[in-house]
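Every chain is numbered from 1, with letters handed out A, B, ... down the list of sequences.
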Amino acid sequence: MENFDNLGLAPILLQNLAGLGLIKPTPIQEQGIPHIVRGRDLLGLAQTGTGKTAAFGLPMLTRIIAYGKRPAPKTVRALVLAPTRELATQIHDNLAAFAKDAPVRIQRVVGGASINAQSEKLAKGTDVLIATPGRLLDLLERRALVLSETKYLVLDEADQMLDIGFIHALRRIAKLIPAERQTMLFSATMPKLMEELAQSYLTDPVRIEAAPPGKAADRIEQGVHFTTQGDKAALLAEYLSKHVDELSIVFSRTKHGADKLANLLEKWGFSVAAIHGNKSQNQRERALAAFRAGEIKVLIATDVAARGIDIPQVAFVYNYDLPNVPDNYVHRIGRTARAGRAGTAIAFCAPAEMDELKSIEKTMGQKIPVIGGEPHAAAEVARAAQQQPKQGRKPHRGQAGQGQRPPRAEGAASKPRAAKPAPKPQAKPADGGAARPRRRRPATAAAE
DNA sequence: AAAAAAC
């Protein structure tokens, strides 16, 4: 297949795709679109970055355009559910670009913004609604919309929707949609619970795998640097200093840890912003926009940004803390090496994180090359476990190392205090080095 | 056990 022309898509969409410079379909698009155009259910095993949004969006929009009727007041023709507000926004913006000048209403409803404004927008009826579950339920309870006319349901990042707190909302929402519908479910992994969900929500689905599930993209150079919790900040600063012009995402395990690290790096002179669930939606959007525009080079994030965020310029992903859910490692590093570009993922591993590292390597079915430090020996791991029980793996006072601010008392952050000097940009890396890992494979073109 | 998602 050479281009989008023969997949059965509406002419106006093809025109817009050309305008967007999208010529070649990705594998999941090429395989999935013809089936969805014909009305089949779809089970897609894929992360974002494989071209998922277009894979379901283009054929769904084609069907809606072909149907031709405008939606009745408060009805929704197609519902797309996403696990984070930012992802919902991104999907909305993509679909709106695909459907430019086409007679379809595409809207987004998410938390953190005025509900009345969203309520009013829904009154006229919507062709494609992209929503986060919580806000959608709220609007449903307020009778701001009805799902009785809904013919399409898309569950994006469905494996995250299985989490407690999401799954109940999901089931409540799904119950309101007529069974006679077309359902598309996308998931990066296929745990048992997901198989069950797929079984109950899909009818005779086409199953498509964009890449082997759970496997990191081949284009991403990966490396693990063994260090201690106390040395992580200085080590990160060293790495960042070497690539000050490139975009990096740094993942922290906790919201508090993300803020703390952001403050420290800011004092050291780095251009950073933090994004996590305790920030206002306005702050979240501003941080992401500034990062996307390259005004901010380093984004410190919790797992709110682990999935879906599509910023092609991201060259580095740092797992400052290893994720406690192994799958999230794969999602996190998938923020780089996008749109055919190269990308590097570097993980910091403290003694207390050896278990996490092992389960990540097991999940991926591959070892992460060591690029610095020495794997922590069992004795060291045991010592770490004793000093800081697994539950609260917070930096211990006695462990604050070079470059790490001593743990502050609550409120100290607001007090001005002498900034520690940033490690010199050309500082010689400690023990063997913060060297960029060697690329194991050349970057291949394609993808989005 | 943490983070996300509703006010």
Side-chain angles (χ1 to χ4, degrees), chain A residues 48 79-92 108-119 122 129-145 155-174 176 187-188 229 249-262 274-285 287-288 299-309 319-332 335 350 352-353 355-356 359-360 384-385 388-395:
Chain A
T48 10
L79 176 65
V80 181
L81 291 175
T84 67
R85 298 167 184 172
E86 283 74 15
L87 193 49
T89 301
Q90 193 173 275
I91 294 168
H92 169 273
R108 173 202 74 148
V109 296
V110 298
S114 155
I115 196 164
N116 288 336
Q118 295 178 359
S119 204
L122 294 170
L129 182 67
I130 302 99
T132 46
R135 176 52 63 96
L136 183 68
L137 279 176
D138 200 343
L139 286 160
L140 282 164
E141 278 162 15
R142 289 165 189 249
R143 307 254 184 271
L145 75 158
L155 303 179
D156 200 9
E157 306 287 354
D159 42 355
Q160 193 175 356
M161 302 273 198
L162 290 178
D163 274 14
I164 301 294
F166 269 134
I167 189 65
H168 298 296
L170 184 59
R171 289 195 201 280
R172 280 178 64 194
I173 293 165
L176 297 173
S187 178
Q229 195 61 36
I249 301 183
V250 179
F251 283 102
S252 159
R253 197 173 55 89
T254 63
K255 294 180 272 203
H256 178 68
D259 276 336
K260 217 170 100 176
L261 183 59
I275 184 168
H276 56 67
N278 277 1
K279 296 264 184 192
S280 72
Q281 193 52 28
N282 193 16
Q283 286 174 311
R284 282 166 64 161
E285 275 164 23
L288 204 58
L299 187 69
I300 318 283
T302 58
D303 278 329
V304 69
R307 292 164 183 256
I309 303 301
N319 276 287
Y320 187 83
D321 300 313
L322 291 183
N324 25 25
V325 179
D327 285 344
N328 275 356
Y329 175 84
V330 182
H331 293 297
R332 286 175 175 190
R335 296 316 101 220
E353 293 173 308
D355 285 349
E356 278 89 342
S359 31
I360 287 165
Q388 30 183 287
K390 205 84 181 174
Q391 283 180 307
R393 209 195 304 115
K394 286 178 186 159

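- Not one side-chain nitrogen or oxygen of A:Arg284 sits closer than 4.0 Å to the OP1 or OP2 atom of B:dA3.
- The side chain of A:Val325 sits closest to B:dA1 out of B:dA3, B:dA1, B:dA5.
- Checking B:dA1, B:dA3, B:dA5 against every side-chain atom of A:Lys255, the shortest atom distance belongs to B:dA3.
- When each of B:dA6, B:dA1, B:dA3 is scored by its nearest atom to the side-chain atoms of A:Thr254, the top-ranked nucleotide is B:dA3.
- Using a 4.0 Å cut-off, no side-chain N or O of A:Thr302 falls inside it from OP1 or OP2 of B:dA2.
- Separating the CD1 atom of A:Ile275 from the C1' atom of B:dA4 is a distance of 12 Å, rounded to the nearest angstrom.
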Quick one: side chains of residues 159-168 of chain A, donor-acceptor pairs under 3.5 Å with protein atoms, not counting sequence neighbours, listed by atom name and distance.
from: A:Asp159; atom 1: OD1; to: A:Arg307; atom 2: NH1; distance (Å): 2.9
from: A:Asp159; atom 1: OD2; to: A:Thr189; atom 2: N; distance (Å): 3.3
from: A:Asp159; atom 1: OD2; to: A:Thr189; atom 2: OG1; distance (Å): 2.9
from: A:Gln160; atom 1: OE1; to: A:Arg307; atom 2: NE; distance (Å): 3.1

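- In this structure, CZ of A:Phe166 is placed 13 Å from C1' of B:dA2, rounded to the nearest angstrom.
- Using a 4.0 Å heavy-atom criterion, one finds that A:Asp163 contacts the bases of the nucleic acid, with or without backbone contacts as well.
- In this entry the distance linking NE2 of A:His331 with C1' of B:dA4 reads 13 Å, nearest Å.
- Annotation: side chain of A:Leu299 is not in contact with side chain of A:Ile309 (no heavy-atom distance under 4.5 Å).
- Atom pair A:Asn278:CG and B:dA3:P shows a separation of 8 Å (rounding to whole Å applied).
- A close approach under 4.0 Å does occur between a side-chain nitrogen or oxygen of A:Thr132 and OP1 or OP2 of B:dA6.
- Nearest nucleotide to the side chain of A:Arg85, out of B:dA6, B:dA3, B:dA2: B:dA6.
- When rounded to the nearest whole Å, the span between CZ of A:Phe251 and C1' of B:dA4 equals 14 Å.
- Here B:dA3 presents its P atom at 11 Å from CG of A:Asp259, a figure rounded to the nearest Å.
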### Stepwise side chain to side chain donor-acceptor pair (under 3.5 Å) check, A:Glu86 with A:Gln90
CA-CA 6 Å; A:Glu86 283 74 15; A:Gln90 193 173 275; over 6 Å; no
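- Checked against salt bridge (Lys or Arg N to Asp or Glu O under 4.0 Å), A:Arg171 has no partners two or more places apart in sequence or in another chain.
- As rounded to whole Å, 11 Å separates atom C1' of B:dA6 from atom CD of A:Gln118.
- A salt bridge is absent between A:Asp259 and A:Lys255; no separation between the charged side-chain nitrogens and carboxylate oxygens falls under 4.0 Å.
- Within the 4.0 angstrom heavy-atom criterion, only backbone atoms of the sugar-phosphate kind lie near A:Gly277; the bases stay farther away.
- The nearest whole Å value for the distance from the CD1 atom in A:Ile173 to the C1' atom in B:dA5 is 10 Å.
- Taking the side chain of A:Glu141 as heavy atoms from C-beta on, and the options B:dA2, B:dA4, B:dA6, the nearest nucleotide is B:dA6.
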